[in-house]
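Some notes on the structure that comes next.
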Amino acid sequence: MAAALIDGRAAAEALRQRLAITADFFRASTGRAAGLATVLVGEDPASGVYVRSKGKATREAGMQSFSHQLPVDTREADLLALVEQLNRDEQVDGILVQLPLPDQIDAARVIDAIDPAKDVDGFHVVNAGRLAVGADALVPCTPLGCLHLLKEQLGDLSGAEAVVIGRSNIVGKPMAMLLLGESATVTIAHSRTRDLPAICRRADILVAAVGRPEMVRGDWIKPGATVIDVGINRVAADEDGKTRLVGDVAFDEAREVAGAITPVPGGVGPMTIAMLLRNTLVAAHRRAGLKVPEDL
Ligand code: GUN
């Protein structure tokens, strides 16, 4: 039997409706809307699309969006000055500096300069550390979205064998920490892992976040496993010359074996922006000294 499809669009839409209600409550109790500032340096078309869709989603949820567009030759010192200004701005609860940044700017320095309380990407070492020790953190949006989908699909993850392929600070490592927090048994696999297919075949939960098109094959998957595909890879199409998006998992093969699987597109992707809105609301509540709603 073919795997169930995990509908990230529907899950994200449901979450965004809930967040809009929370955003209204926040506005009613504080007299101001929660605010997200986005910073885009340069004119990379894909980054532009991402940042604009983040701004649009922010406004649709009843929050304020502040967008800053800087020229591609912006000096690091000028970007750091903008971050400092946003750190001090009382209207701004979340700061997102879109990556990648141009070569003359050290991204680590910029992330380091963001107030951890406003770091809605969850990239600051303070938030990574808080996540690692199980304290209140702002958690990177993509793994948070994956966890949401997994809990909706499976309920309790306690004792499950989880394999995360990829060890990035943005997805792999925080994903592993979140799964550990749910009492799963977690393996982090990566490019140097020996016999990756055999490791993957142990997984009740398989999260692929490597950025290599269709790397995970059907025979790497344990029958009935839940597969979360974080990959968004643009590849040349077969005949018509247009490009198409594929994940890190060979979807058609995997679908024959897995119990449930996220499609690409329409799986993890839509959850990422919803979680950015969530993190902005979490940051706004904490900054205002309000209790963060349980179901956020
Ligand atoms: N570039 C690609 N994904 C992301 C993200 O989640 N956050 C930021 N800041 N930049 C990105």
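Note that ligands are numbered from 1 as they come in the structure, with each ligand's atoms numbered from 1 the same way.
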Answer yes when Arg32 and Asp93 have at least one side-chain N-carboxylate O distance shorter than 4.0 Å, and no when they do not.
yes
My understanding is that only residues two or more places apart in sequence, or in another chain, count here; which of them pass salt bridge (charged side-chain N to carboxylate O under 4.0 Å, His left out) with Arg27?
Asp24
Does any pair with a residue in residues 276-296 pass ring pair (Phe, Tyr, Trp, His ring centres under 6.0 Å), and if so which ones, sequence neighbours excluded?
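The answer is Phe26-His285.
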Determine, step by step, whether Thr142 and Thr272 satisfy the side-chain hydrogen bond (donor to acceptor under 3.5 Å, both in side chains) criterion, reporting the C-alpha distance in whole Å, the side-chain angles of both residues, the deciding distance to 0.1 Å, and the verdict.
CA-CA 5 Å; Thr142 298; Thr272 298; 3.1 Å; yes
Results of side chain to side chain donor-acceptor pair (under 3.5 Å) for Arg244 - residues two or more places apart only
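If we apply the side chain to side chain donor-acceptor pair (under 3.5 Å) test to Arg244, skipping adjacent residues, there are no hits.
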Heavy atoms under 4.0 Å from ligand 1: which residues qualify?
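Its neighbours under 4.0 Å (heavy atoms only) are Leu96, Val97, Gln98, Leu99, Asp121, Phe123, given by chain and number.
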Could you go step by step and tell me if Asp204 and Lys222 meet the side chain to side chain contact (heavy atoms under 4.5 Å, CB included) rule?
CA-CA 7 Å; Asp204 305 312; Lys222 177 176 172 175; 2.7 Å; yes
